2 protein chains.
Amino acid sequence: MKKVTIADVAQHAGVSKSTVSQYLNQRFDYMGEQTKARIEEAIAALEYSPNIVARSLKQKSTTTIGVIVANILHVFSTHVIRAIEDVCNEHNFHVIICNADDQPEKEKKYIEMLRAKQVDGIIAVPTGGNVALYQDLVKKNFPIVFMDRLIHGVEIDTVLLDNEKASFLAVEALVKQGYSQIAMISPFLDPNITPREERINGYKKALEQHQIPLEERYIVPSAISEMQESIGRMMQLPNPPNAIIAVNDRVLKQVLTYVKNQQMRIPEEIAVIGIDDVPYADIFSPSLTTVAQPAFKMGEKAANLLFEKMQNKERSNQAQIYRFEPELIARESC
Amino acid sequence: MKKVTIADVAQHAGVSKSTVSQYLNQRFDYMGEQTKARIEEAIAALEYSPNIVARSLKQKSTTTIGVIVANILHVFSTHVIRAIEDVCNEHNFHVIICNADDQPEKEKKYIEMLRAKQVDGIIAVPTGGNVALYQDLVKKNFPIVFMDRLIHGVEIDTVLLDNEKASFLAVEALVKQGYSQIAMISPFLDPNITPREERINGYKKALEQHQIPLEERYIVPSAISEMQESIGRMMQLPNPPNAIIAVNDRVLKQVLTYVKNQQMRIPEEIAVIGIDDVPYADIFSPSLTTVAQPAFKMGEKAANLLFEKMQNKERSNQAQIYRFEPELIARESC
DNA sequence: CTGAAAGCGCTTACAG
DNA sequence: CTGAAAGCGCTTACAG
């Protein structure tokens with residue numbers, strides 16, 4: 001089952017490889033009609049399909065990009081990847097998916113492998129643990145775009161949510177309904193995981209703006225695995241909150257689990273609002289008010305930015321930050 | 001910013017390209033210690049990393065596979081892809097992701113592009129619309145594994161759920177709780193979409209086994225967009241069902257939407273059970289009884305099968321079908 | 001309008 | 001123990 005190559009086509013058509021190559025690359029400027037027809041016929045007869053690896057070697061482009069996410073199981077990643085894939089498909093590019101699991105070593109391995117495979121560009125949700133590598137990439141002017149997390153001191157364009165705004169919207173929605181004992185539940189803080197940090201900052205600023213004194217014990221960062229206990233302790237405070245903001249979708253689930261186990265009523269006994277829309281928001285009882293991020297648009301933007309970079313390879317002066325607007329989806333949980 | 005090649009390393013180390021190549025490929029059998037050290041040093045000094053595209057051209061292996069799913073936004077795809085990616089990562093392989101959106105033309109384009117890019121194998125949830133192409137692939141002995149859907153007349157190993165068993169488990173759970181007016185809601189049937197077909201067959205067989213007469217009007221296949229109306233009509237029957245099986249997770253959402261809008265109580269007024277576990281099953285009130293499929297294990301199996309095929313390229317005699325066991329997760333909705 | 005030749009960056013028999 | 005040469009399957013100046 002020997003593969004048919006351009007040489008076979010050339011021979012079959014009675015022309016040179018060069019001419020077949022011209023044909024393949026649509027350089028018809030000076031090509032005789034008959035030559036064209038003969039090549040066409042030969043390609044069909046032999047069922048020839050060009051070997052893109054060989055082409056890539058010569059042209060120094062693989063028409064493939066790499067996408068490194070934290071974990072493809074997260075809903076956000078899923079939307080982002082789908083958007084990227086759609087843009088790539090329009091350009092006849094392909095995308096290699098990698099899960100870094102927030103482990104810098106895994107991320108490093110993937111970045112190095114992707115580069116060795118000569119991908120034309122990379123979109124990543126960076127772990128933050130490989131600053132030297134990131135810097136090397138920009139030094140080499142390799143096309144790369146970051147998403148969701150801001151890595152300070154590295155000049156790479158980044159697409160992310162206006163996280164502070166997301167918290168503002170959440171706080172505002174709550175305040176409008178008359179709540180003022182507002183808690184914020186989050187996983188442990190990690191300086192590299194921008195969304196949590198910024199959302200908590202935004203929460204603090206929003207409270208201030210609404211002249212609500214900050215109650216530190218209403219901010220509960222804890223591991224997901226211990227979140228039931230942490231929420232429990234907070235609810236035992238002499239002055240427990242009457243509203244909770246979940247910093248992201250995984251936390252929301254924890255909050256809802258707690259509320260369910262305690263048989264509390266939403267929103268009468270406790271109002272709940274989540275940052276990140278969730279697929280079950282509408283069917284939940286009561287339906288859940290959330291602050292959605294335009295994940296699809298963000299993925300699209302990242303892909304478009306990357307294509308710009310891949311097209312005009314001149315070094316861009318400075319890293320841009322692209323903030324996307326969150327949107328309040330008012331439902332019944334507050 | 002010229003890329004450093006094996007020639008540069010050879011020169012720096014004062015040896016030939018061949019020797020460097022031996023080094024890279026761990027053929028140390030006869031290599032002098034000094035030579036080794038010099039090459040090592042040169043590689044470090046020049047920050048050399050081999051161009052895998054060039055290697056692929058020569059070795060006829062790209063250490064990359066393609067995965068074509070219907071849509072990465074589906075939870076099932078997400079699990080499958082994650083499992084495949086993990087297996088690939090162990091082998092230092094990469095995976096290119098494609099969304100065929102159930103469109104045979106898209107699928108065709110992807111398969112052809114992946115082959116042109118010389119991927120070493122493909123795992124696909126086939127649309128069913130490209131039988132000639134599939135057949136061509138097996139004729140050429142190209143490593144490929146199908147998932148989730150059975151394409152008749154094509155000798156390709158397929159990994160899927162024991163769908164009939166899934167329905168059996170659902171019916172059985174319902175019957176045990178005393179329900180006998182059991183409906184089955186499904187999207188439109190499509191002979192290429194195996195799960196729906198088999199689950200409905202399983203449902204019919206299970207009823208028979210439990211000696212429950214089949215009520216055709218309890219089987220409601222309709223577009224997701226019209227499902228509210230279809231369910232409504234069914235519930236208006238003189239003898240409406242008191243239990244509903246949702247054929248998959250997207251249908252479950254429709255059923256729950258209907259139930260919520262009608263303010264019916266689960267399970268008192270209507271029992272509900274879904275095939276496919278859903279992330280919100282536990283936090284829903286009441287929690288939702290589901291039949292889960294081991295998506296992760298299935299993806300793993302598909303990947304392992306593909307690696308076997310890629311390793312020993314001898315033609316396998318006949319296509320195998322690998323059925324995975326669904327599992328009832330009993331909760332409170334029936 | 002078309003072809004011969006060189007080259008992309010590797011690997012691999014083979015020679016010595 | 002190491003190197004020269006050929007080759008993987010393309011593309012691309014360049015010559016004619």
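From a predicted model like this one, the values you see are computed outputs, not experimental measurements. Throughout, a chain's letter reflects where its sequence line sits, starting with A, and its residues are numbered from 1. All values below come from the heavy atoms of this structure, side chains included, with hydrogens, waters and symmetry mates left out.
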Derivation of the salt bridge (Lys or Arg N to Asp or Glu O under 4.0 Å) call for B/E112 and B/K108:
CA-CA 6 Å; B/E112 285 171 351; B/K108 182 153 190 268; 3.6 Å; yes
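With a cut-off of 3.5 Å on both Watson-Crick or G-U wobble distances, the partner of D/dA13 is given as none. The partner of C/dA4 is absent, by the rule that a Watson-Crick or G-U pair needs both atom distances under 3.5 Å.
Phosphate contact (OP1/OP2 of C/dA4, side-chain N/O of A/S16, threshold under 4.0 Å): absent. For the OP1/OP2 pair of C/dG9 and a distance below 4.0 Å, the side-chain nitrogens and oxygens of A/K60 include at least one atom meeting the criterion. For B/T35, no side-chain nitrogen or oxygen approaches OP1 or OP2 of D/dC1 to under 4.0 Å. Contact annotation: B/S21 side-chain N/O to C/dC10 OP1/OP2 distance is not under 4.0 Å.
Counting any heavy atom pair closer than 4.0 Å across all strands shown, A/S56 reaches no nucleic acid atom. Across all strands shown, A/V15 has heavy atoms under 4.0 Å from sugar-phosphate atoms exclusively, and none from any base.
The interatomic distance linking A/L57 (CG) with D/dC8 (P) rounds to 14 Å, in whole Å. Between the CD atom of A/Q11 and the P atom of C/dG3 there is a distance of 13 Å, rounded to whole Å. The separation between A/I6 atom CD1 and D/dC10 atom P is 6 Å, rounded to whole Å. Between the CD atom of B/Q59 and the P atom of D/dG9 there is a distance of 14 Å, given to the nearest Å. Regarding A/Y23, its OH atom lies at a distance of 17 Å from the C1' atom of D/dC10, rounded to whole Å. In this structure, the CD atom of B/Q22 is 10 Å from the P atom of C/dA13, given to the nearest Å. Protein atom CG of A/N25 is 11 Å distant from nucleotide atom P of D/dC10, rounded to whole Å. Look at CG on B/N51: it is 12 Å from P on C/dC8, rounded to the nearest Å.
Side-chain atoms of B/K58 come within donor-acceptor range of the base of D/dG7, with a qualifying N/O pair under 3.5 Å. With hydrogens and angles ignored, no donor-acceptor pair under 3.5 angstrom links the side chain of A/K17 to the base of D/dG9.
Heavy-atom nearest nucleotides on DNA chain C were determined for B/A54 and for B/S18, and the one closer to the 5' end corresponds to B/A54.
Residues A/K109 and A/E105 are not paired through a salt bridge, judged by the lack of any N-O separation under 4.0 Å between the basic side chain and the carboxylate.
Ring pair B/F307/B/H91 is parallel by interplanar angle, where below 30° counts as parallel and above 60° as perpendicular.
The closest side-chain donor-acceptor pair between A/Y134 and A/E155, if any, does not fall under 3.5 angstrom.
A cation-pi contact, defined as under 6.0 Å to the ring centre and within 45° of the axis, is absent between A/R82 and A/F296.
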